[in-house]
Number of protein chains: 2
Amino acid sequence: MRFVIDPKSGIPFYRQIIDQIQFAIGDSRLCGGDRLPTVRQLAVDLKINPNTVARAYQELEIKGVLNTQMGTGTFIGNEKIEIPELERRRMLNQICTELLSRAAAYGLTLDEVRDALAERAGEGRA
Amino acid sequence: MRFVIDPKSGIPFYRQIIDQIQFAIGDSRLCGGDRLPTVRQLAVDLKINPNTVARAYQELEIKGVLNTQMGTGTFIGNEKIEIPELERRRMLNQICTELLSRAAAYGLTLDEVRDALAERAGEGRA
DNA sequence: ATTATTGTACTATAATACTAGTACAATAGT
DNA sequence: ACTATTGTACTAGTATTATAGTACAATAAT
């Protein structure tokens, strides 16, 4: 998996890393057990401080998304996070509502949103 | 015109305001001469500090998008600005990225979000 | 056991961004 | 002139972000 960070985006480095990992998991480019680059390696690749990478990994570790083992590396967690179905649907609805609300505030239509998401569906699946 | 602020987005309040105004002008929901809410009023509506609203207005004033007059109010400039298609797409992507990231954090997949939106498409207006 | 590799902890620091609070200044309306 | 309404300036506090440096701890490989 290839990571990219955009210093000009204004989005914190550590968050960009987190997002990319979560997305990759979300559309199965990363699966349980997959290994991530080492803290030091990714720091070198992205030309940022190791601590910044570590912070991203840590945050995901806390959330239970990653397993880290000293001396071994950092891996995608094997257990899918168990969230009650009801809670899931509630969250899904909330997210959609918010997405549409914000889109509407910018004059973006539901169709445009759907198209944008459709495009993304094409990107990931290798 | 209705403004929306999402404190959880990580995007500065003042920038969210700026973006919404520009987009509204871009697709003619706001036209030259239209009056914006007063600094104080919008601050109350959004439950934020007046300075934050003022900053947004100021930045747009500098760009020549708005005219402000003390004692009178703040108005959309007469020269229509075009929102480049690229900019539109960038904003669309930003919104999608952010919401998908939150979705991913709850173990929701891109497909699930798309399906949920598809359902809403049938229901009526977004 | 030893060594290399991995992640972790801690401190410090700098820079910046954001917001709030408060007081001020200009204009409109009367 | 007076007052209300409007935008503006100044100051300061708080949080965030990122980096650097150093040392430590756990595991794997040998």
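Below, chain A is the first sequence line, B the second, and so on; all start at residue 1.
- Heavy-atom minimum distance, Ala103(B) versus Ile95(A): CA-CD1, 3.5 Å.
- Here the CE-CZ distance, from Met1(A) to Phe23(A), works out to 10.5 Å after rounding to the nearest 0.5 Å.
- A salt bridge is absent between Lys8(A) and Asp6(A); no separation between the charged side-chain nitrogens and carboxylate oxygens falls under 4.0 Å.
- Residues from residues 8-16 of chain A lying near DNA chain D, meaning a heavy-atom separation below 4.0 Å, are Pro12(A), Phe13(A), Tyr14(A) in numerical order.
- Considering only residues two or more places apart in sequence or on other chains, Glu85(B) meets the salt bridge (Lys or Arg N to Asp or Glu O under 4.0 Å) condition with none of them.
- Taking the 5' to 3' direction, DNA chain D first and last meets chain B under 4.0 angstrom from a heavy atom at dT5(D) to dC10(D).
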Please assess Val65(B) against Tyr57(B) for the test side-chain contact (heavy atoms from CB on, under 4.5 Å), listing each intermediate value before the final yes or no.
CA-CA 9 Å; Val65(B) 177; Tyr57(B) 284 6; over 6 Å; no

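- Nearest heavy atom pair, residue Arg29(B) against residue Asp34(B), reads O-OD2, 4.3 Å.
- Asn49(B) has its CG atom 19 Å from the P atom of dA17(C), to the nearest Å.
- Not a single donor-acceptor pair under 3.5 Å links the side chain of Gln69(B) to the backbone N or O of Thr74(B).
- Judged by distance alone, with hydrogens and angles left aside, the side-chain atoms of Glu98(A) form no donor-acceptor pair with the main-chain N or O of Leu99(B) at under 3.5 Å.
- Along DNA chain D, the nucleotide nearest to Met70(A) and the one nearest to Ile48(A) differ in position, and the one closer to the 5' end is contacted by Ile48(A).
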Run the side-chain contact (heavy atoms from CB on, under 4.5 Å) test on Ile17(B) and Ile48(B) for me, step by step, so that the C-alpha distance in whole Å, both residues' side-chain angles and the decisive distance to 0.1 Å come before the verdict.
CA-CA 11 Å; Ile17(B) 294 171; Ile48(B) 61 179; 4.0 Å; yes

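- Shown for residues 60-69 of chain B: no residue has heavy atoms falling under 4.0 angstrom of DNA chain C.
- The backbone N or O of Asn93(A) lies less than 3.5 Å from a partner atom in the side chain of Thr97(A), making a donor-acceptor pair.
- Under the salt bridge (Lys or Arg N to Asp or Glu O under 4.0 Å) criterion, Arg15(B) pairs with Asp19(B), Glu59(B), sequence neighbours left out.
- A salt bridge links Arg88(A) to Glu112(B): one of the charged nitrogens lies within less than 4.0 Å of a carboxylate oxygen.
- Proximity of residues 39-47 of chain B to DNA chain D (heavy atom under 4.0 angstrom from any strand atom) is restricted to Val39(B), Arg40(B).
- In this structure, Arg120(B) contributes its side chain and Asp115(B) its backbone to no donor-acceptor pair below 3.5 Å.
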